[in-house]
2 protein chains.
Amino acid sequence: MSDDDLVFKALADPTRRALLDRLFVRDGQTLTELEAELAMTRFGVMKHLRLLEDAGLVVTRRRGREKLHFLNPVPIRLIHDRWIDKYTEGHAAALLDLKAELERDEPEENR
Amino acid sequence: MSDDDLVFKALADPTRRALLDRLFVRDGQTLTELEAELAMTRFGVMKHLRLLEDAGLVVTRRRGREKLHFLNPVPIRLIHDRWIDKYTEGHAAALLDLKAELERDEPEENR
DNA sequence: TTGACATGTGACCATTCGGTCACCTATTCT
DNA sequence: AGAATAGGTGACCGAATGGTCACATGTCAA
C-alpha cells in the first residue's frame with residue numbers, strides 16, 4: 001500500500017480526525033489522556049492512533065511507561081501540494097469558471 | 001454525515017483518486033469512457049462516480065443520453081484551507097522543529 | 001518487591017465497503 | 001417503430017473496517 005493511500009485512509013475516519021484535532025489543541029498527549037476525551041475504549045483509540053502513526057500523521061516519543069503523541073502536519077502538506085498543484089497548473093481557473101457556469105445554467109439539477 | 005466526511009471518504013479509495021486523475025487528463029468524460037480506462041465494470045465505476053459526485057468532487061452535466069463528468073477542485077481546496085490553516089497558525093513551525101528534533105534524537109525508533 | 005499504572009496483542013463480532021450482476025428506463029438513429 | 005446505445009436500480013457476496021474484550025508486558029513508586 002502506498003504512503004499516500006495510508007494517509008487518505010487515516011484521514012477518512014472522523015474519530016481519527018478528532019484525534020488530530022485534540023492533539024492540535026494540546027500536543028504531546030498520552031493514550032490514556034486521549035481516551036478520556038473521546039467516548040471510546042482505550043483499545044479503539046489505540047487502533048486509531050496506530051493508523052495515524054503508520055500514515056505519518058502522528059509522531060510518538062516514549063517517556064517511561066508513557067507514549068506521547070505529536071501531530072505531524074507534513075503529510076497533509078504533501079497531499080495539498082499534490083492535488084492543488086495538479087488542479088491549478090493551467091486548469092483550476094477554467095474549472096472554477098466551468099463550475100460557476102454550471103451553477104448558473106442549472107442551479108439545483110446536479111443532485 | 002457531514003460534507004467533509006463525504007469528501008474524505010471519497011478520497012480514501014484509490015480507484016476514485018484514479019478517476020479524478022483521469023478527469024484531470026481529459027475533463028468532461030462520460031461513464032462509458034471512464035469505464036474503458038479503468039479495468040472495472042461499468043457498475044463499479046458508476047458507484048465510485050456517485051460517491052465523488054455526492055462529495056462534490058465531481059460535477060455532472062447531461063447531454064442527451066450521456067452524462068458528462070467534470071472535476072471540481074473546490075472541496076480539495078477547502079480541506080487544505082482547514083487543515084493547513086489550523087496547523088500553521090502559530091503551531092506548524094514549532095511542530096516541524098519538534099519533528100526534526102525527534103528524528104535527530106531517535107532516528108529509527110518511532111516504528 | 002509488591003501493587004498499581006500505562007501500554008500492547010490477538011481473537012472476535014457487527015457493520016461497512018468494493019465490486020458484480022440481472023433487469024430496467026431513456027435517448028438516438030435508421 | 002424497432003434496434004442499438006447510454007445510463008440507472010436493487011440485491012447480493014466477499015473483504016476490509018471499527019470497536020470491544022481477555023490477557024500480557026513493561027514501568028513507576030512506596
Side-chain angles (χ1 to χ4, degrees), chain A residues 1-2 4-23 26-55 57-70 106 109-111, chain B residues 1-2 4-23 26-55 57-70 106 109-111:
Chain A
M1 184 182 279
S2 64
D4 67 276
D5 201 29
L6 289 178
V7 174
F8 281 116
K9 282 201 161 53
L11 290 175
D13 183 89
T15 300
R16 287 193 286 272
R17 294 198 297 276
L19 280 169
L20 294 180
D21 291 339
R22 296 301 187 287
L23 287 180
R26 188 161 68 83
D27 214 10
Q29 295 190 64
T30 66
L31 167 61
T32 307
E33 286 169 339
L34 291 168
E35 169 203 356
E37 301 184 47
L38 278 196
M40 184 184 302
T41 64
R42 179 171 57 89
F43 309 96
V45 176
M46 190 160 36
K47 278 198 175 182
H48 286 301
L49 286 173
R50 165 70 181 259
L51 293 187
L52 288 170
E53 194 177 351
D54 287 349
L57 287 161
V58 161
V59 183
T60 62
R61 154 178 274 177
R62 304 209 65 102
R63 186 178 63 190
R65 59 183 165 183
E66 293 177 325
K67 186 176 183 180
L68 308 182
H69 299 78
F70 301 90
E106 307 157 286
E109 293 174 17
N110 293 300
R111 297 197 35 82
Chain B
M1 184 181 280
S2 64
D4 67 275
D5 200 29
L6 289 178
V7 174
F8 281 116
K9 280 200 163 54
L11 290 176
D13 183 87
T15 300
R16 288 192 286 272
R17 294 198 297 274
L19 280 169
L20 294 180
D21 290 339
R22 297 301 189 286
L23 287 179
R26 188 162 68 84
D27 213 11
Q29 295 190 64
T30 66
L31 168 60
T32 308
E33 288 169 338
L34 290 168
E35 169 204 356
E37 300 185 48
L38 278 196
M40 185 185 297
T41 65
R42 179 171 57 91
F43 309 97
V45 176
M46 189 160 35
K47 277 197 175 182
H48 286 301
L49 286 174
R50 165 70 182 258
L51 293 188
L52 288 170
E53 194 176 352
D54 286 348
L57 288 161
V58 161
V59 184
T60 61
R61 154 178 275 177
R62 305 207 65 101
R63 186 180 62 190
R65 60 182 163 183
E66 294 178 325
K67 186 174 184 180
L68 308 183
H69 298 79
F70 301 90
E106 306 157 287
E109 293 175 17
N110 293 303
R111 297 200 33 78

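First the proteins, then the strands, lettered A, B, ... as listed; each starts at 1.
Contact of the B:L19 side chain with the B:L23 side chain is not registered, since no non-hydrogen atoms from C-beta on lie closer than 4.5 Å. Counting heavy atoms from C-beta on, the side chains of B:T30 and B:L68 come closer than 4.5 Å. Side-chain contact between A:K67 and A:L49 is absent, with no heavy-atom pair separated by less than 4.5 Å. Taking the side chain as every heavy atom from C-beta outward, B:V58 and B:L20 approach each other to under 4.5 Å.
We find that NZ of A:K9 is positioned 15 Å from C1' of D:dG18, with the value rounded to whole Å. Straight-line distance from the CG atom of B:L49 to the C1' atom of D:dT9: 16 Å, rounded to whole Å. One atom, CD of A:E35, and another, C1' of C:dG8, lie 14 Å apart when rounded to the nearest Å. A:R50 has its CZ atom 13 Å from the P atom of D:dT17, to the nearest Å. Rounded to an integer number of Å, the gap from CZ of B:F8 to C1' of D:dT17 is 18 Å. Note: CD (B:E33) to P (D:dT5) measures 15 Å, nearest angstrom. The interatomic distance linking B:L31 (CG) with D:dG8 (P) rounds to 7 Å, in whole Å. The distance from atom CG of A:L51 to atom C1' of D:dA16 is 12 Å, rounded to the nearest whole Å.
Residue B:H48 places at least one side-chain N or O under 4.0 Å from the OP1 or OP2 atom of C:dG19. Between A:K67 and C:dG8 there is a side-chain polar atom (N or O) within less than 4.0 angstrom of OP1 or OP2. B:T32 has a side-chain polar atom (N or O) that falls below the 4.0 Å cut-off from OP1 or OP2 of D:dG7. When the side-chain nitrogen and oxygen atoms of B:R16 are compared with OP1 and OP2 of C:dG18, one or more of them lie within a distance under 4.0 Å.
Checking D:dT20, C:dT7, C:dG18 against every side-chain atom of A:R62, the shortest atom distance belongs to C:dT7.
Within 4.0 Å (heavy atoms only), A:M46 reaches at least one base atom of the nucleic acid.
Annotation: of the two residues near DNA chain C, A:K47 and A:E66, the 5′-most nearest-nucleotide partner is A:E66. Residue order along DNA chain D, read from the 5' end via each residue's closest nucleotide, puts B:L68 first among B:L68 and A:G44.
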Open item on the list: Each nucleotide in nucleotides 21-30 of chain C should get exactly one letter: B, S or -. Can you fill that in based on protein heavy atoms under 4.0 Å?
Closed with: BB----BS--
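Between B:A18 and B:L38, the shortest heavy-atom distance links the atoms CB-CD2, 4.4 Å. The two atoms that bring A:L57 and A:A10 nearest to each other are CD1-CB, 3.9 Å, heavy atoms only. Considering every non-hydrogen atom in both A:A12 and B:D5, the closest pair reads O-OD1, 3.7 Å.
Within the helix from C:dT1-D:dA30 to C:dT30-D:dA1, the inter-axis angle between the opening and closing five-pair segments is 30°, rounded to 10°.
A salt bridge does not link A:R17 to A:D21: none of the charged nitrogens lies less than 4.0 Å from a carboxylate oxygen.
Within the structure, the salt bridge (charged side-chain N to carboxylate O under 4.0 Å, His left out) test picks out the following pairs touching residues 35-45 of chain B (sequence neighbours left out): B:R22-B:E37.
Of the possible donor and acceptor atoms, one in the side chain of B:R16 sits under 3.5 Å from a partner among the backbone N and O of B:K9.
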